[in-house]
Number of protein chains: 2
Amino acid sequence: MNKAQQTRKYILETAFSLVYENGFQSTSIDKIIAETNVTKGAFYYHFKNKEEMGMAIINEILTVSINENLVKPLANHGQKAEVIYQTIKNFMLSISDRQLRLGCPTNNMIQEMAPLNTTFARALLSIIENWKQKLSEAIIEGQKDGSISPNQDAVVLAAFIISSYEGARTLGKLYKSFEYYNFYLKQLKALLEK
Amino acid sequence: MNKAQQTRKYILETAFSLVYENGFQSTSIDKIIAETNVTKGAFYYHFKNKEEMGMAIINEILTVSINENLVKPLANHGQKAEVIYQTIKNFMLSISDRQLRLGCPTNNMIQEMAPLNTTFARALLSIIENWKQKLSEAIIEGQKDGSISPNQDAVVLAAFIISSYEGARTLGKLYKSFEYYNFYLKQLKALLEK
DNA sequence: TATAAAAAATACTAAATGGTATTTTATTAT
DNA sequence: ATAATAAAATACCATTTAGTATTTTTTATA
């Protein structure tokens, strides 16, 4: 990674952190350059405009995070009900106090930007869509290996697991308490055992 | 209601609508006065500052909406499992296309403002706390009348119902589809039948 | 109808906004 | 070393921001 790539990465990660704290619209370029001590010229050298920077956050940070943490581990071997449960549990247990306070960054971006920017919305949707797809497939495997009840529609269940995950992170954020993560995990387990 | 009260109400409702569309931080006073055709003097006559206006939205609009739609109907007579289910179902069926697209306004405010403003956070938390409390009580009644399994902790179940409700509204918003509301209602029914 | 008070209108500020144009400094290939 | 190019710095722009100060209009009351 050369100097320019490093600078770009540094700007992007700082920008992500500010967006995570304050929202996309409320994170000004001026705040980003103040925080990075990079100049505005440098910023605009690496990003065409604020929107492209937002897209880079979605494509290079949010997408990667969901995939690495919540999608890839679904491929692990074992009873699929257990694999699914452990995937989500492991990730939720790794969440820091800051991440608790600020919630799921993908969820935040959806909440704020999906109704305002169709480009953002499409990219965010495909993150969730991919997760839902992979989770559905894992559920179907679980139904085959007998660890998940065949009565449930895999897609419906996958969508519910995802939506209630996002909901749990919202309540955790509001109450600043990991308690709601545990409530969620408890219900998730029940959901997968049926 | 006298003239001044009407003006205040008109400003507040317009402001709420703009905040619902664009978020709190991105809704400027200038946008509000442009939309209302009320002058800045009039705005600042009725609201001390932007934050107080935000608090008025929370206390006079969000709180009322949740209470009227999702809390009060819990007092209806009948098998409590059914009353709870019908309360949420009725409300979700009444959600318009615009409300689908923009999601739950209380959820939006939590997502955006809870980490940034403790006054907002407290007021928003008490909305959810009250809902959770009343829902817990209804669940306990349901456990007494035999319509809800006594194995579940009422508070845990209430928290999960609320968090997954918010999650469902998030997915509905992202996909612009009522489908995810139905998925949620289906799971809710199962949850209450156990 | 005159007066006081409430409500609203107008004009303004200082700071911040996203973005651009221009200049300067580093880096690389010849 | 020099020329070409990449990267970053600087200065600036038009517009928008939340909020204030002042003036005008409307309303209620004596």
Side-chain angles (χ1 to χ4, degrees), chain A residues 1-58 60 108-109 112-113 115-120 123, chain B residues 1-60 109 112-113 115-120 123:
Chain A
M1 197 158 57
N2 63 29
K3 184 83 188 303
Q5 286 174 312
Q6 277 180 336
T7 303
R8 183 185 182 280
K9 194 186 172 198
Y10 171 60
I11 294 172
L12 193 63
E13 281 171 357
T14 306
F16 165 69
S17 177
L18 290 171
V19 168
Y20 191 22
E21 290 271 353
N22 305 299
F24 179 78
Q25 295 172 100
S26 293
T27 301
S28 65
I29 312 290
D30 282 1
K31 278 184 202 158
I32 295 167
I33 65 172
E35 186 76 17
T36 51
N37 286 316
V38 149
T39 60
K40 200 169 272 195
F43 177 91
Y44 278 99
Y45 177 79
H46 289 288
F47 303 98
K48 198 181 127 208
N49 52 32
K50 196 186 177 189
E51 185 178 9
E52 273 213 353
M53 184 212 70
M55 286 301 294
I57 288 175
I58 295 173
E60 297 169 42
N108 295 356
M109 194 67 114
E112 181 184 3
M113 298 306 293
L116 297 178
N117 184 309
T118 52
T119 310
F120 282 23
Chain B
M1 199 159 57
N2 64 30
K3 184 85 187 303
Q5 287 174 314
Q6 277 181 337
T7 303
R8 192 191 117 96
K9 194 185 173 200
Y10 171 59
I11 294 171
L12 194 63
E13 282 171 357
T14 307
F16 165 68
S17 177
L18 290 170
V19 169
Y20 191 22
E21 290 273 351
N22 304 300
F24 179 78
Q25 296 172 100
S26 293
T27 300
S28 65
I29 313 288
D30 282 1
K31 276 185 204 155
I32 294 166
I33 68 174
E35 186 76 18
T36 51
N37 285 315
V38 149
T39 60
K40 200 168 272 198
F43 177 91
Y44 278 98
Y45 177 79
H46 289 289
F47 302 99
K48 196 181 129 209
N49 52 33
K50 196 188 179 191
E51 185 178 10
E52 272 214 355
M53 184 212 71
M55 285 302 294
I57 288 175
I58 295 173
N59 290 323
E60 297 169 42
M109 193 67 112
E112 180 184 5
M113 299 306 294
L116 298 178
N117 184 310
T118 52
T119 310
F120 282 23

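What you are looking at is a predicted structure, and each value in this text was computed from that prediction instead of being measured.
- Under 4.0 angstrom from either OP1 or OP2 of D:dA8 there lies at least one side-chain N or O belonging to A:H46.
- Nearest-nucleotide positions on DNA chain C place B:N37 closer to the 5' end than the other of A:I29 and B:N37.
- In this structure, the nucleotide among C:dT17, C:dA8, D:dT17 sitting nearest to the side chain of A:K31 is C:dT17.
- Listed nucleotides D:dT17, C:dG19, C:dT10 differ in distance to B:T39; the shortest reach to its side chain belongs to C:dT10.
- In this structure, CZ of A:F43 is placed 14 Å from C1' of D:dA8, rounded to the nearest angstrom.
- Rounded to whole angstrom, the span from the CD atom of B:Q6 across to the P atom of C:dA8 amounts to 10 Å.
- At a threshold of 4.0 angstrom between heavy atoms, the contacts of A:S26 with the nucleic acid are absent.
- For the pair A:N22 CG and C:dT17 P, the computed distance is 11 Å after rounding to whole Å.
- The side chain of A:Y44 approaches C:dG18 more closely than any other nucleotide in the set C:dG18, D:dA8, C:dA8.
- Along DNA chain C, the nucleotide nearest A:G41 and the nucleotide nearest A:D30 are compared for position; the residue whose nucleotide lies closer to the 5' end is A:D30.
- Note: CZ (B:F24) to C1' (D:dT17) measures 13 Å, nearest angstrom.
- As rounded to whole Å, 14 Å separates atom C1' of C:dG18 from atom NZ of A:K48.
- Picking from C:dA9, C:dG18, C:dG19 the nucleotide with the shortest atom distance to the side chain of A:S28 gives C:dG18.
- A salt bridge is absent between A:K31 and A:E21: the closest approach of a Lys/Arg side-chain nitrogen to an acidic carboxylate oxygen does not fall below 4.0 angstrom.
- One interatomic measurement links the two molecules: CD1 of A:I33 to P of C:dG18, which rounds to 10 Å at whole-angstrom precision.
- Between A:F47 and A:F43, the angle of the ring planes lies from 30° to 60°, which puts this pair in the tilted group.
- Distance B:K40 NZ to C:dT13 P: 13 Å, rounded to the nearest Å.
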